[in-house]
Undergrad: 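I am attaching a structure below and will ask some questions about it afterwards.
A, B, ... follow the sequence lines: proteins, then strands. Residue 1 opens every chain. The figures here come from the full heavy-atom set of this structure, side chains too, leaving out hydrogens, waters and symmetry mates.
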Protein chains: 2
Amino acid sequence: MNDEGVVGVAGLLDRATAQTYASWFRALADPTRVQIVEYLARQAQAMSVGEIVAAIGLAQSTVSQHLKILTEVRFVLVEPVGTARHYRINDACVDCFPSAADVVMGRPAPSPNGTC
Amino acid sequence: MNDEGVVGVAGLLDRATAQTYASWFRALADPTRVQIVEYLARQAQAMSVGEIVAAIGLAQSTVSQHLKILTEVRFVLVEPVGTARHYRINDACVDCFPSAADVVMGRPAPSPNGTC
DNA sequence: ATCGTTCATCGCCGATAGGCGATTAAGCCT
DNA sequence: AGGCTTAATCGCCTATCGGCGATGAACGAT
């Protein structure tokens with residue numbers, strides 16, 4: 001992303017990286033989305049929208065909108081199954097999102113990330 | 001926070017915890033704030049608003065507003081020094097924020113957190 | 001007391017977010 | 001074809017965000 005290690009000479013995090021990280025954090029800036037992601041992360045198999053709606057307890061349109069936001073940043077992946085759609089966590093993000101949190105907190109991530 | 005490990009029987013993350021985490025993520029949902037936090041995290045000593053304004057390149061009122069948001073979630077701590085104010089990273093958050101990211105991604109944090 | 005410096009706060013703006021009901025679209029099944 | 005189920009999209013609402021200039025408050029120095 002940047003040969004200098006994502007940090008410019010002035011000691012400021014690369015703007016593009018900051019924007020990417022901010023988009024990830026914004027995707028989780030809502031308690032409902034935090035619950036959805038954490039819920040999906042602990043499920044062995046993918047879940048339908050109906051199941052997620054039942055677990056969350058908000059309107060179907062609302063949950064669908066949250067799922068759209070989560071898929072746009074690829075925290076969550078979709079697969080159409082008949083008339084339903086199965087949502088599951090993106091395992092790549094399970095690794096690289098917490099390491100982004102480390103970077104922001106001043107701990108350069110040692111692991112080879114770039115998958116996300 | 002919850003004897004069952006922050007996760008209810010239905011397999012949903014505790015709403016209060018989700019709200020707290022969401023407020024943390026919302027504080028970093030802007031690229032400028034991501035840059036400010038990462039910048040402060042790599043500084044040995046606290047920085048004045050003027051120095052941060054110079055580094056960021058936005059209006060003083062804008063930076064001040066961002067700093068207010070970051071202090072409200074205690075990612076950043078303030079100390080008045082004469083007519084200036086020195087901002088620095090909250091070391092406790094350096095530990096507990098990435099572990100919150102782990103929790104959301106389905107990895108229960110093993111470390112004893114509760115400092116934040 | 002007055003000025004200069006440093007920073008927070010206010011008011012305004014356009015843009016975005018989050019919730020909902022209603023509607024549309026896409027598959028399945030008779 | 002017709003109806004049923006599932007889920008995305010649309011439109012509307014209010015609320016919050018992010019940017020800015022201008023103003024105000026606190027302090028040090030003269």
Undergrad: Measuring from A:Gln35:CD to A:Ile56:CD1, what's the distance to the nearest 0.5 Å?
TA: 5.0 Å

Undergrad: Fit a plane to each ring of B:Phe75 and B:Trp24, take the angle between them on a 0 to 90° scale, and name the class: parallel (under 30°), tilted (30 to 60°) or perpendicular (over 60°).
TA: tilted

Undergrad: Using atom CZ of B:Arg85 as one end and atom P of C:dT9 as the other, report the distance to the nearest whole Å.
TA: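 For the pair B:Arg85 CZ and C:dT9 P, the rounded distance is 7 Å.
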
Undergrad: For A:Val73 versus A:Ala27, what's the shortest heavy-atom pair and its separation?
TA: CG2-CB, 3.6 Å

Undergrad: Using whole Å, what does the distance between atom P of nucleotide C:dC7 and atom CG of B:Leu70 come to?
TA: 16 Å

Undergrad: Under the side chain to side chain contact (heavy atoms under 4.5 Å, CB included) test, which residues partner B:Arg88, sequence neighbours left out?
TA: B:Ala46, B:Leu77, B:Glu79

Undergrad: Between A:His86 (NE2) and C:dG27 (C1'), how many Å, whole number?
TA: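 So the two atoms are 13 Å apart, to the nearest Å.
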
Undergrad: Nearest whole angstrom, please: distance from the C1' of C:dC7 to the CG of B:Leu67.
TA: 10 Å

Undergrad: Are there any protein N/O atoms within less than 3.5 Å of an N/O atom in nucleotides 16-19 of chain C, and if so, which ones and at what distance?
TA:
from: C:dG18; atom 1: OP1; to: A:Arg33; atom 2: NH2; distance (Å): 2.9
from: C:dG18; atom 1: OP2; to: A:Arg33; atom 2: NH1; distance (Å): 3.1
from: C:dG18; atom 1: OP2; to: A:Arg33; atom 2: NH2; distance (Å): 3.4
from: C:dG18; atom 1: O5'; to: A:Asp30; atom 2: OD2; distance (Å): 3.4
from: C:dG19; atom 1: OP2; to: A:His66; atom 2: NE2; distance (Å): 2.4

Undergrad: Please report whether the ring centroid of B:Tyr21 lies less than 6.0 Å from that of A:Phe25.
TA: no

Undergrad: Supply the atom-to-atom distance A:Thr17 OG1 to B:Glu38 CD, rounded to the nearest 0.5 angstrom.
TA: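 A:Thr17 atom OG1 to B:Glu38 atom CD measures 9.5 Å (nearest 0.5 Å).
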
Undergrad: From C:dA8, D:dA8, D:dA26, pick the nucleotide closest to the side chain of B:Ser64?
TA: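 So the nucleotide nearest the side chain must be C:dA8.
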
Undergrad: Give the nucleotide from the list C:dA26, C:dA8, C:dT6 with an atom nearest to the side chain of A:Thr83.
TA: C:dA26

Undergrad: Output the rounded distance in Å from CD (B:Glu51) to P (C:dT5).
TA: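 Atom CD in B:Glu51 sits about 17 Å away from atom P in C:dT5.
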
Undergrad: Where the side chain of B:Tyr87 is defined as all heavy atoms beyond and including C-beta, which of C:dT6, C:dA22, C:dA8 is the nearest nucleotide?
TA: C:dA8

Undergrad: Starting at atom CD of A:Gln60, determine the distance to atom C1' of C:dT23, rounded to an integer number of angstrom.
TA: 11 Å

Undergrad: Answer with yes or no whether B:Ser61 presents, from its side chain, a donor or acceptor under 3.5 Å of a partner atom in the base of D:dG21.
TA: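 Such a pair is found, so the answer is yes.
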
